[in-house]
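Quick notes on the structure that follows.
Residue numbers start from 1 in every chain, and the chains themselves are labelled A, B, ... in the order their sequence lines are given, proteins ahead of strands. Here the structure is a predicted model, which means the values were calculated and not measured.
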Amino acid sequence: MSFSIFLQHLVNGISLGSLYALLAIGYTMVYGILRLINFAHGDVFMLGTYIAFYAMTSFFLPWWMSFLIAIALTCIFGIILERSAYRPLRNSPRISVMISAIGASFLIQNLAIVIFGGRPKAFPIAPIFSRILNIGGVSIVSVSLIIPVITAIALYILNYIVNHTKVGMAMRAVSRDYEASRLMGIDVNSIISFTFGTGSVLAAIGGIMWGLKYPQLIPLMGLMPGLKCFIAAVVGGIGNIRGAVIGGFILGLGEIMIVAFSPALSGYRDAFAFVLLIIILLVKPSGLMGQNTVEKV
Amino acid sequence: MRKLSLLLVFVIVISIFAVGCVEKVEAPKGDSGAEKDEVIKIGVFQPLTGANAAGGALEKEGVELAHELYPEVLGKKVELIFVDNKSDKIESANAATRLINKDKVSLIIGSWGSGFSIAAGEEIKKAERKVPAIGASCTNPLVTKGNDYYFRVCFIDPFQGNVMANYAYNEVGAKKVAFIIEKTNDYAVGLAKFFEDTFKELTGDDKAVVYEAFYNTGDQDFTAQLTSIKESGAEAIFAPGNFTESALIMKQAKELGIELPILGGDTWETPEVIKIAGDAAEGVVFSTFFDAHAKLTDTTTEFLDAYKEKYDKEPAAVTALAFDAYILALDAIERADSTDPTAIRDAIAATKDFPGAAGVVTLDENGDAVKSAVIKTVKDGKFTYLTTVDPAK
């Protein structure tokens, strides 16, 4: 393998990894606050992409306006989802909420099949995202450069919100203890709605980026990325935002490299993610960046 | 709160029902009572719902159009009985059993998708009441192999693989090729194997396939496979598989600066390939059954005119093949001069030089059509006819 080809593989891996990272942040944030694995995250991601698609093709809006509308509507959808599927179960055992999340995921998928139809749709791409650049023998599409930048910005903003704002302080408090936060005068419900809204914004951004890179929309498009990003979040240490980014990069690079070095194994690249999950759960269940929590009795 | 969660459960239940009922196919009426001997029943099983519904709909169009043009044979009315196989192999087997035993059809047409046809073929072979079946576009050799009652009006994958290998060697001038194969698809794996056999024979080089990689149905990133092809020394890429993934392969190849010709099979002829791959689809080459601009027989003209009048669009190749399956069935019944399925079977097996819309049909000893293939490319965002390849005699 020549050096420039290796570089090309590296670039491919980083661009796929940053996409996984972007989605994994949303997963991990909701888990960090609520201790709830939002299985419908992948479907919110799908919905965001479809909204952007219809805004561009049916309403003929310019791409940037479509993206903003898609992000706003997806955010509202995330809040509604939380209100209808999760809030009624706030005081139920955690397993009920998880089943509700799975139910919501199936509901959204099947509604999407009915409403959008099963045939794939082509996501329109503005020329600014599809320019092909050639840097020292390494080919790269402009969207692949934009995605890591957006991931970095999202990471920075999220870090700022969680660690340096009042809402963030409330979020951290809620993640420790619902009851105590409520006693301290924090409006727990609105903090949770805010968390879901932010998670859905991240899902919508991730979905739009995904659409720009892989311009093919199907109602089940959120399924596999959703699972993989959940794995990325677990690998990085679920609940830890920086860990999710690292997990995303490990997954993306790993998938590309396994195909690059062993074409015969290329049919098993999805298995890589799951094998990684099993290894992490065996060796370090709290994930790479996760802290071991001491259960207080 | 509890009300809201109850409501959600309710909505979920309703939605599951709604999904189940979408495009429900009207159950055909089995008994027509008194006029029993006055009609000849032909059963059609197709994926009318589920993942392959689009393909099934195209074939249904073809059979219906042919039925409208030729509603009678031997002075009796032909009744079509459609059964939905729901894009499922077990449902396909059930559909065949039902058509044979309950509806008592004289002949079966179907199905889009080799896997469904193979599953139904087992039932047709086992059934006590022997009924012949004609496949329209199922290209896998196993559909008719070892089954005396299954025939088809299309060519089979070994021929298609052969045609594309010849194209790669003679027209592209490639001496080395790379494969990207959809591993979870029997059709793609088979096609790659037949391509490989022919190509090795043509080049006389046992290492003519310099790179071979796989992907799973539903994969979206192929950059790793394509990057490796860049340095493999291949002069063409053969990428048999489903059209959705193939479109992304074309797009990513262009983004990686790969300018090698990309070759594929008949599945690529869908508008989505051009929509999703955009510019990147320009110049890809694939084999298929039929082209509206290469008028193969007089029946082609008749089919095109009728189709244009009824649907006002360009017909797909599989629609022409389904049309052929129906008119061949009628021709066989006429030649047999009987509605007895065994007599019809013998008449079908004897088919020679039958002029269909998608070319002249001559059935070989396996019941496969020996006919020419059409090679197409994408030019200026449209599927464009390149050439016709005749079968080796």
Side-chain angles (χ1 to χ4, degrees), chain A residues 1-2 4-5 8-9 11-13 15-16 83-85 87-92 100 103-104 106-107 110-111 113-114 118-123 125 130 132 134 137 139-141 144 210 213-216 218 220-221 223-225 252 255-260 263-270, chain B residues 1-9 11-12 15-16 18-19 22 50-54 178-184 211-216 218-232 243-245 247-248 251-252 254-258 270-272 274-279:
Chain A
M1 186 180 294
S2 72
S4 75
I5 292 291
Q8 180 76 58
H9 279 305
V11 167
N12 296 341
S15 99
L16 182 64
R83 289 215 172 195
S84 49
R87 190 178 292 183
L89 299 166
R90 186 77 27 93
N91 298 316
S92 319
S100 178
F106 282 172
L107 174 67
N110 285 308
L111 280 180
I113 294 177
V114 175
R119 297 200 81 170
K121 299 207 163 22
F123 195 77
I125 304 175
S130 60
I132 299 165
N134 198 316
S139 273
I140 187 161
V141 202
S144 297
W210 193 282
K213 195 159 157 56
Y214 309 112
Q216 178 207 64
I218 48 170
L220 299 182
M221 65 182 283
L223 199 64
M224 210 57 194
E255 274 190 13
I256 295 287
M257 290 304 168
I258 201 167
V259 181
L265 287 179
S266 49
Y268 299 100
R269 66 187 279 177
D270 289 342
Chain B
M1 287 302 161
R2 177 159 297 167
K3 264 186 199 153
L4 208 54
S5 64
L6 269 177
L7 186 72
L8 188 78
V9 170
V11 169
I12 291 175
S15 79
I16 289 168
V19 171
V22 169
N52 303 112
F179 284 174
I180 305 185
I181 305 161
E182 184 181 2
K183 201 182 185 177
T184 36
Y211 180 82
E212 185 179 59
F214 305 95
Y215 63 89
N216 294 324
D219 276 4
Q220 300 198 304
D221 189 282
F222 309 95
T223 51
Q225 288 96 326
L226 290 165
T227 302
S228 300
I229 286 177
K230 235 176 162 177
E231 65 158 7
S232 68
F243 65 91
T244 45
E245 289 83 358
L248 288 176
K251 186 168 182 302
Q252 289 168 21
K254 188 177 181 222
E255 287 170 359
L256 288 168
I258 295 170
T270 50
E272 277 86 357
I274 294 178
K275 275 191 215 149
I276 292 169
D279 292 353

Requested in this report: Provide the closest heavy-atom pair for A:Pro263 versus B:Tyr211 in the form atom of the first, atom of the second, distance.
Outcome: CG-CE1, 3.4 Å
Report task. Identify which part of A:Ile256 has an atom lying under 4.5 Å from any heavy atom of chain B, answering side chain, backbone, both or neither. Result -> both
Query raised in the report: At a heavy-atom separation under 4.5 Å, does B:Asp221 approach chain A through its side chain, its backbone, both, or neither?
Result: both
**Report entry** Toward chain B, the part of A:Ile218 with a non-hydrogen atom under 4.5 Å
**Finding:** neither
Query raised in the report: Between B:Gln225 and A:Ser266, is there a donor-acceptor pair closer than 3.5 Å when you use the side chain of the first and the backbone of the second?
Result: no
Query raised in the report: If we only count heavy atoms from C-beta on, is the A:His9 to B:Ser228 side-chain gap below 4.5 Å?
Result: yes
Query - Over 12 non-hydrogen atoms of neighbours within 6.0 angstrom of CG in A:Asn134 - result: yes
Requested in this report: Of all the heavy-atom pairs spanning B:Leu248 and A:Pro215, show the shortest one and how long it is.
Outcome: CD2-CD, 3.7 Å
Query raised in the report: Please walk me through it: do B:Leu226 and A:Asn12 pass side chain to side chain contact (heavy atoms under 4.5 Å, CB included)?
Result: CA-CA 11 Å; B:Leu226 290 165; A:Asn12 296 341; over 6 Å; no
Query raised in the report: Of all heavy-atom pairs between B:Phe243 and A:Pro120, which one has the smallest distance, and what is that distance?
Result: CE1-CG, 3.9 Å
Report task. Evaluate the side-chain proximity of B:Gln252 to A:Tyr214: yes if any heavy-atom separation is below 4.5 Å, no if none is. Result -> yes
Query raised in the report: Looking at B:Lys275, B:Gln220, B:Glu182, B:Glu212, which one has more heavy-atom pairs under 4.5 Å with chain A than the rest?
Result: B:Gln220
Query raised in the report: Which is it for A:Ile125 and B:Lys251 under the side chain to side chain contact (heavy atoms under 4.5 Å, CB included) test, yes or no, and what are the steps along the way?
Result: CA-CA 12 Å; A:Ile125 304 175; B:Lys251 186 168 182 302; 3.8 Å; yes
Query - B:Leu256 versus chain A, the contacting section by heavy-atom distance below 4.5 Å - result: both
Report task. Could you tell me which portion of B:Lys183 (side chain, backbone, both or neither) has an atom closer than 4.5 angstrom to a non-hydrogen atom of chain A? Result -> side chain
Requested in this report: For side chain to side chain contact (heavy atoms under 4.5 Å, CB included), just list the numbers for B:Lys230 and A:Ser139, CA-CA rounded to whole Å, side-chain angles, deciding distance to a tenth of an Å, and then say yes or no.
Outcome: CA-CA 11 Å; B:Lys230 235 176 162 177; A:Ser139 273; 4.2 Å; yes
Query - For the student: nearest non-hydrogen atoms of B:Ala224 and A:Ala260, plus distance - result: CB-N, 4.4 Å
**Report entry** Short side-chain to backbone donor-acceptor contact, B:Glu231 and A:Ile5, under 3.5 Å
**Finding:** no
Report task. Give, as side chain, backbone, both or neither, the part of A:Ile132 having an atom under 4.5 angstrom from any heavy atom of chain B. Result -> side chain
Query raised in the report: What residue in A:Arg269, A:Met257, A:Lys213, A:Lys121 has the most heavy-atom pairs under 4.5 Å with chain B?
Result: A:Arg269
**Report entry** Non-hydrogen side-chain atoms of A:Val259 and B:Thr223 separated by less than 4.5 Å
**Finding:** no
